[in-house]
Novice: 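Structure below; questions to follow.
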Amino acid sequence: MINYKELHKRTKEYIEEHLPEVLEEMELRNLDAYIDDYVDLDAYRKPRQLFYQFNAYNFEPLSNESNNAECTFSIFLTFIGQKSSDLSDAMLVYTMALEMMFAKSGNSFDGLFDYGIIESTQFYQAAEGDKNKKVAEITFRMNIES
């Protein structure tokens, strides 16, 4: 059985501890906020933010006693408050940093999951119809035996 609350908490803690390390290595500023809520750029207006969205769990039986749980979740990186071209550059570089952090973890958040992949990365050049709001969506597909 999966303790969803604990798994989400530990995933967020891992990211919030290790992403700043990669950003520092790349000589980038840390994000201004890590938010466990839906993306709302009217309510959350800091220049560089990360939003968590835990999407779904799918289960496949492995035996009478265990299942493979496939967890899908998305990270949204948001950028506002600068010139559009600077925001686009920041979106690309910070996305690369997040992907580097994940690779350094062995694609498992250092064993929190058995294995995972980045399923997709999407870039939105005009969030909420505003070219001065950029969003990157990185979707992870993680596997864990439960």
Side-chain angles (χ1 to χ4, degrees), residues 1-60 66-84 86-146:
M1 178 177 288
I2 295 177
N3 181 335
Y4 299 107
K5 182 177 178 182
E6 183 67 20
L7 187 59
H8 293 182
K9 175 182 171 265
R10 291 182 58 204
T11 302
K12 292 183 293 186
E13 287 173 349
Y14 184 89
I15 292 168
E16 291 171 27
E17 179 180 338
H18 292 92
L19 182 56
E21 295 169 359
V22 174
L23 293 172
E24 185 176 332
E25 289 171 12
M26 296 176 68
E27 298 181 359
L28 296 169
R29 292 179 46 197
N30 193 11
L31 297 169
D32 298 306
Y34 293 83
I35 303 161
D36 189 7
D37 200 357
Y38 65 94
V39 179
D40 182 349
L41 298 180
D42 291 326
Y44 301 102
R45 300 213 31 89
K46 293 188 176 175
R48 291 172 309 282
Q49 305 171 116
L50 180 149
F51 291 83
Y52 300 99
Q53 182 177 315
F54 292 91
N55 300 330
Y57 288 84
N58 295 303
F59 298 91
E60 177 182 352
S66 67
N67 293 304
N68 179 58
E70 184 178 85
C71 169
T72 305
F73 68 92
S74 296
I75 299 290
F76 294 86
L77 298 171
T78 65
F79 302 90
I80 57 177
Q82 296 176 352
K83 175 169 84 164
S84 180
D86 292 341
L87 294 173
S88 291
D89 290 346
M91 178 176 61
L92 298 173
V93 174
Y94 278 80
T95 299
M96 182 176 68
L98 180 66
E99 292 178 356
M100 286 175 58
M101 178 216 63
F102 182 63
K104 285 182 172 188
S105 80
N107 295 344
S108 67
F109 295 106
D110 279 347
L112 183 58
F113 295 90
D114 295 329
Y115 180 74
I117 63 167
I118 295 175
E119 184 173 70
S120 67
T121 301
Q122 297 181 44
F123 299 105
Y124 303 97
Q125 294 293 332
E128 299 177 343
D130 185 343
K131 69 178 184 169
N132 292 316
K133 295 179 180 178
K134 310 289 186 192
V135 177
E137 177 183 1
I138 302 92
T139 301
F140 297 84
R141 188 166 25 112
M142 308 300 298
N143 289 285
I144 188 170
E145 189 173 333
S146 65

Novice: Are F113 and F140 near enough that their ring centres are under 6.0 Å apart?
Specialist: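 For F113 and F140, the ring centres are not under 6.0 Å apart.
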Novice: Within the 4.5 Å heavy-atom criterion, are K12 and Y34 side-chain neighbours or not?
Specialist: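 Side-chain contact under 4.5 Å: no.
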Novice: What's the spacing between S108 OG and I117 CD1 if we round to 0.5 Å?
Specialist: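 If I round to the nearest 0.5 Å, the distance is 14.0 Å.
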Novice: To the nearest 0.5 Å, tell me how far T121 OG1 sits from I75 CD1.
Specialist: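 CD1 of I75 is found 11.5 Å from OG1 of T121.
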Novice: Quick one: pull up CG in N143 and CG in N107 and give me the separation to the nearest 0.5 Å.
Specialist: 11.5 Å
Novice: Going by salt bridge (Lys or Arg N to Asp or Glu O under 4.0 Å), name the pairs with one or both residues in residues 119-130, residues two or more places apart or in two chains.
Specialist: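 Counting only pairs at least two positions apart or across chains, the salt bridge (Lys or Arg N to Asp or Glu O under 4.0 Å) contacts touching residues 119-130 are E119-R141, E128-K133.
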Novice: How about CD on E13, more than 12 heavy atoms from neighbouring residues, nucleotides or ligands closer than 6.0 Å, or not?
Specialist: yes
Novice: Kindly indicate, with the supporting measurements, whether the criterion side chain to side chain contact (heavy atoms under 4.5 Å, CB included) is fulfilled by N55 and S74.
Specialist: CA-CA 7 Å; N55 300 330; S74 296; 3.2 Å; yes
Novice: Under 3.5 Å, is there a donor on one side chain and an acceptor on the other for T78 and Q49?
Specialist: yes
Novice: M91 versus Q125: any side-chain heavy-atom pair under 4.5 Å?
Specialist: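 Yes, side chains in contact.
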Novice: Do you know the tightest heavy-atom contact between F59 and A69?
Specialist: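 Shortest heavy-atom separation between F59 and A69 comes out as CE2-CB, 3.5 Å.
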Novice: Heavy atoms, side chains only, cut-off 4.5 Å: are Y14 and M101 in contact?
Specialist: yes
Novice: Please tell me whether Y52 and F76 form a close aromatic pair, meaning their ring centres lie under 6.0 Å apart.
Specialist: no
Novice: Only one of L87, I80, L77, L41 clears side chain to side chain contact (heavy atoms under 4.5 Å, CB included) with V135; which?
Specialist: L41
Novice: For N58, which residues count as a side-chain hydrogen bond (donor to acceptor under 3.5 Å, both in side chains) partner, sequence neighbours excluded?
Specialist: none
Novice: What do the steps show when you test K104 against H18 for side chain to side chain contact (heavy atoms under 4.5 Å, CB included), and what is the final call?
Specialist: CA-CA 10 Å; K104 285 182 172 188; H18 292 92; over 6 Å; no
Novice: Classify the angle between the aromatic ring planes of F109 and F102 as parallel (below 30°), tilted (30 to 60°) or perpendicular (above 60°).
Specialist: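 Ring orientation, 0 to 90° scale: tilted.
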Novice: Can you tell me how far apart CZ (F73) and CD1 (I138) are? Round to the nearest 0.5 Å.
Specialist: 10.5 Å
Novice: Show, in sequence, the C-alpha distance, side-chain angles and deciding distance for L50 and Y94, and conclude whether the side chain to side chain contact (heavy atoms under 4.5 Å, CB included) test is met.
Specialist: CA-CA 10 Å; L50 180 149; Y94 278 80; over 6 Å; no
Novice: Look up atom CD in E24 and atom CG in L19, then write down how far apart they are to the nearest 0.5 Å.
Specialist: 11.5 Å
Novice: Please name the pair of heavy atoms, one in V22 and one in A97, separated by the smallest distance, quoted to 0.1 Å.
Specialist: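 What the structure gives for the nearest pair is CG1-O, 3.6 Å.
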Novice: For the residue pair Y57 and Y4, does the interplanar ring angle fall in the parallel (under 30°), tilted (30 to 60°) or perpendicular (over 60°) class?
Specialist: perpendicular
Novice: Heavy-atom distance under 4.5 Å between the side chains of F54 and L7, does that happen here?
Specialist: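 Result no, sub-4.5 Å side-chain heavy-atom pair not found.
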Novice: Should the heavy atoms of other residues, nucleotides or ligands under 6.0 Å from OH of Y38 be counted, would the total exceed 12?
Specialist: no
Novice: Tell me if a side-chain donor or acceptor on D114 pairs with a main-chain N or O of E145 at a distance below 3.5 Å.
Specialist: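 Checked: pair present.
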Novice: For the atom pair CG (N3) and NE2 (H8), what is the distance rounded to the nearest 0.5 Å?
Specialist: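 The NE2 atom of H8 is 9.5 Å from CG of N3, to the nearest 0.5 Å.
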